[in-house]
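Structure record follows, encoded as structure tokens.
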Amino acid sequence: MTFKSIIDEIENNLNKILSDLSIPGIEFSVEPAKPGFGDVSSNISYLLTKQLKKSPKEIAEILSEKYSKCVNTLVLKSEAHPSGYLNFFANWEKLSQLILSESYLDTCGDVDIGNGSTIVVEHTSVNPNKALHIGHIRNIIIGDTVSRILEKANYTVNVLNYIDDSGLQVADIIVGFKHFGYAEEPPNGKKFDHYCGDDVYVKITEKYEADPNLEEIRKNILKELEDGDSEIAKFADKITRKVLAGQLETCWNLGVTYDCLNFESQIIRSGLWSEIFEKLKEMKLIEFENEGKNGGCWVIRGEGKEEDKVIVRSNGTATYIAKDIPYAAWKLGLLEDPFNYEKYEKEQPNSRVLWQTTLKETDKISKNFTGEKVVTVIDSRQARLQKIITSLMDKFKSVPNAYNHLGYESVTLSSETAKTLGLDTDGKQAQMSGRKGLYVSADSVYKILKEKTSEETKKRHPEMDDSEIETIAHSVSVGTLRYEMIKQDLDKIITFDLTKSLSLEGDTSPYIQYTHARASRILEKSDRIPTIDVDFSLLKDKSELDLIRNIGLFNLQVRDAASNLSPKVIARYCYDLAVAFNSFYEKSKVLDLGNVELENSRLCLVNSFKIVLEKALDLLGIKAPDRM
RNA sequence: GGGCCUAUGGCGCAGCAUGGAUAGCGUGUUGGACUUCUAAUCCAAAAGUCAAGGGAUCGAAGCCCUUUGGGCCCA
């Protein structure tokens, strides 16, 4: 039981009072109070003004009076604030005991929203022709964090990465290899994904601009890609898998892992499309256009003023939304699974097994990576397309809201950073572009961070050996990058600046991780093992109670984050928790107090903080070192 | 032409879903705190017509409408 206990108690009592007054159920709030207004507040008085024909203040006074006669275990007293709010003060001795005991359990922070049901989270899904840049990282970190949160909320999560290995971007680099003599081995040991993105892809794009005739070559390559048995398709498969391996290396380094890789080329060859095409016709979700500009096409009717969306062109080829529809239906388990599965050739850094789809019949392993619900993480430029898919899936699946598009705004480059990459934007931010070579790669950002944090750690701990420094610098660098990608709202554009975005102070991951290190040091230096068998009445300082309150809010925050698919909620929670600890740290010493009872109580609190912060940071995929 | 997102101290953001108290935080600026469980820390000060206008409400940063600036998507 956590801080929610006292909220529940108050809610129950207020409901009882309401029914005594024979007022039918109204939806009042009972929430953690703002500082200076007790511990819990309710807006109930405002909502009763019409029925009782009294001012909020008078009502609050009446309710407070009645409340004092209720059965209370966790509430010490209620108070009518002149503003009309009804404020409650906790019996902290009991509440602290509840909260801190709970925090020592493995299940701390668990909530049950999913009820064990399966949910698919698809993220990453980057064309396998280039290295991941900082914009992709936002997608990946959002997806990974949401998966972790959903798991905490009792969903069985299947994480998918969709590999678009048969599109235009892949065709481009194949043109480079096949027609412009780019070596298959990158020069001087460059990572293969970087080589394909920085060198081959960008240069070929330049050549297209110079010579429009090359379009023809690309078109032919594209056609050959669709035919799985062609030489080109086999070659492309080899190249894209090498790029993919480089991309996965970057992801794994950031603590991101997957359950299954789904290859677009296989979806195309599996025949899923024709199956879904028939179904769409049958359900009359698409119509054949006889005349007008879309004459001869199969279209989805736009709603209201929206344009019709062409699904199959008059020449019989499917548009690229046509690839998304069968995949979406497959994710929801609406189609018979045409795939077999095999293990990916490399192991992921944690114990999670990574599978990949295959059409080979040889080693027939069937798996199920579909979900009763689906979350697709794609940036909001795809919102229109995703809306069409969502409404189609709503018609396919009886469960409402089964398919969810989790959109987010893009990452742009600050004008200063764009300038360092050779583009003068006249003070404006710049959209990243893989095609133009205007991007900051994830690997390079990690490398810069790693150097910075290694140096800092070395300065603080000259005695440490290199491998320990390396471990700490890694955790802090990954944390910093992940936290930057997650801490603000999904619909805010992140303007990435190579120097400004890599701060290690203030509202950052190192700040939070540092508080964890402080807590660890206290526990390490004390020669006792913290227990919950302590005198909780000794914890009565404001900073102590504030820290306990924050600890007790963990599961409420997880619930909020999971039900709203809002990873930043957990980021803010970690930060608030760290602030509360730092305030406690300044005001209350823990060791060498000459008072064993008090020391034990505070040790219990410190340990509880450490446990909960670790769990919360784990939801963000951030590791907390014991020293830094 | 149609649609989506966004606007809150100099800069970057939270709060908006579910209207109610004194609009919070970081950074930057100014000043202060390391002989102490680690200063990647803490304390304090200055800094706000919550884009503008209108509406419903006893009450709006939040809800509705209009306009403007910025970003994106479709045509």
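Chain letters run A, B, ... following the sequence lines, proteins first, then strands; residues in each count from 1.
A straight line from CG of Asn43(A) to P of rA60(B) spans 17 Å, rounded to a whole angstrom. For the pair Asp379(A) CG and rC73(B) P, the interatomic distance rounds to 9 Å; values are reported in whole Å. Between Leu385(A) atom CG and rA75(B) atom P there is a gap of 11 Å when expressed in whole angstrom units. Residue Glu505(A) contributes atom CD, which lies 12 Å from atom C1' of rG28(B) at whole-angstrom precision. Residue Asn564(A) contributes atom CG, which lies 11 Å from atom P of rG15(B) at whole-angstrom precision. Here the P atom of nucleotide rU22(B) and the CG atom of Asn87(A) are 12 Å apart, to the nearest Å. For the pair Lys428(A) NZ and rG70(B) P, the interatomic distance rounds to 7 Å; values are reported in whole Å. What separates OH of Tyr408(A) from P of rC73(B) is a distance of 13 Å, to the nearest Å.
At rU22(B), none of the side-chain N or O atoms of Tyr85(A) fall inside 4.0 Å of OP1 or OP2 (strictly under the cut-off). An OP1 or OP2 oxygen of rC5(B) is reached within less than 4.0 angstrom by no side-chain nitrogen or oxygen of Arg381(A). OP1 and OP2 of rC73(B) both lie 4.0 Å or more from every side-chain N or O belonging to Lys387(A). One finds a side-chain N or O of Gln431(A) lying less than 4.0 angstrom from the OP1 or OP2 phosphate oxygen of rC72(B).
RNA chain B lies under 4.0 Å from at least one heavy atom of each of the following residues of residues 569-603 of chain A: Arg572(A), Tyr575(A), Asn582(A), Tyr585(A), Glu586(A), Ser588(A), Lys589(A), Val590(A), Leu591(A).
Comparing rA21(B), rG71(B), rA14(B) by their nearest atom to the side chain of Ile493(A) picks out rG71(B). Relative to the side chain of Lys492(A), the nucleotides rC58(B), rU18(B), rA14(B) differ in distance, and rA14(B) lies closest. Comparing rU6(B), rA21(B), rU18(B) against the side chain of His81(A) picks out rA21(B) as the nearest. Closest to the Lys568(A) side chain, of the nucleotides rU6(B), rG15(B), rG71(B), is rG15(B). Nearest nucleotide to the side chain of Asp560(A), out of rC72(B), rA17(B), rU18(B): rA17(B).
Between the P atoms of rG9(B) and rG48(B), the separation comes to 10 Å (whole Å). Taking atom C1' on both nucleotides, rU30(B) is separated from rG15(B) by 28 Å, rounded to a whole Å.
Taking 4.0 Å as the cut-off between side-chain N and carboxylate O, Glu468(A) and Arg627(A) do not count as a salt-bridged pair.
Aromatic ring centres of Tyr327(A) and Tyr162(A) lie closer together than 6.0 Å.
Counting heavy-atom neighbours within 6.0 Å of Glu455(A) CD, excluding the residue itself, gives a total of 12 or less.
Considering Ser64(A), Ser41(A), Ser42(A) in turn, Ser41(A) is the only one that fulfils the side-chain hydrogen bond (donor to acceptor under 3.5 Å, both in side chains) rule with Asn87(A). Here the rule is ring pair (Phe, Tyr, Trp, His ring centres under 6.0 Å) with Phe609(A), and of Phe554(A), Phe581(A), Phe584(A), Tyr104(A) only Phe581(A) fits it.
With a 3.5 Å limit on both pairing distances and Watson-Crick or G-U wobble geometry required, the stems of 3 or more pairs in RNA chain B span B:1-7 with B:68-74, B:10-13 with B:24-27, B:29-33 with B:41-45, B:51-55 with B:63-67.
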- Give the intermediate values and the outcome of salt bridge (Lys or Arg N to Asp or Glu O under 4.0 Å) for residues Lys610(A) and Asp626(A). CA-CA 10 Å; Lys610(A) 181 174 138 86; Asp626(A) 287 327; 3.0 Å; yes
- Message: Between Glu289(A) and Arg301(A), does the salt bridge (Lys or Arg N to Asp or Glu O under 4.0 Å) criterion hold? Intermediate values first, please.
- Response: CA-CA 10 Å; Glu289(A) 190 76 80; Arg301(A) 292 289 178 218; 2.9 Å; yes
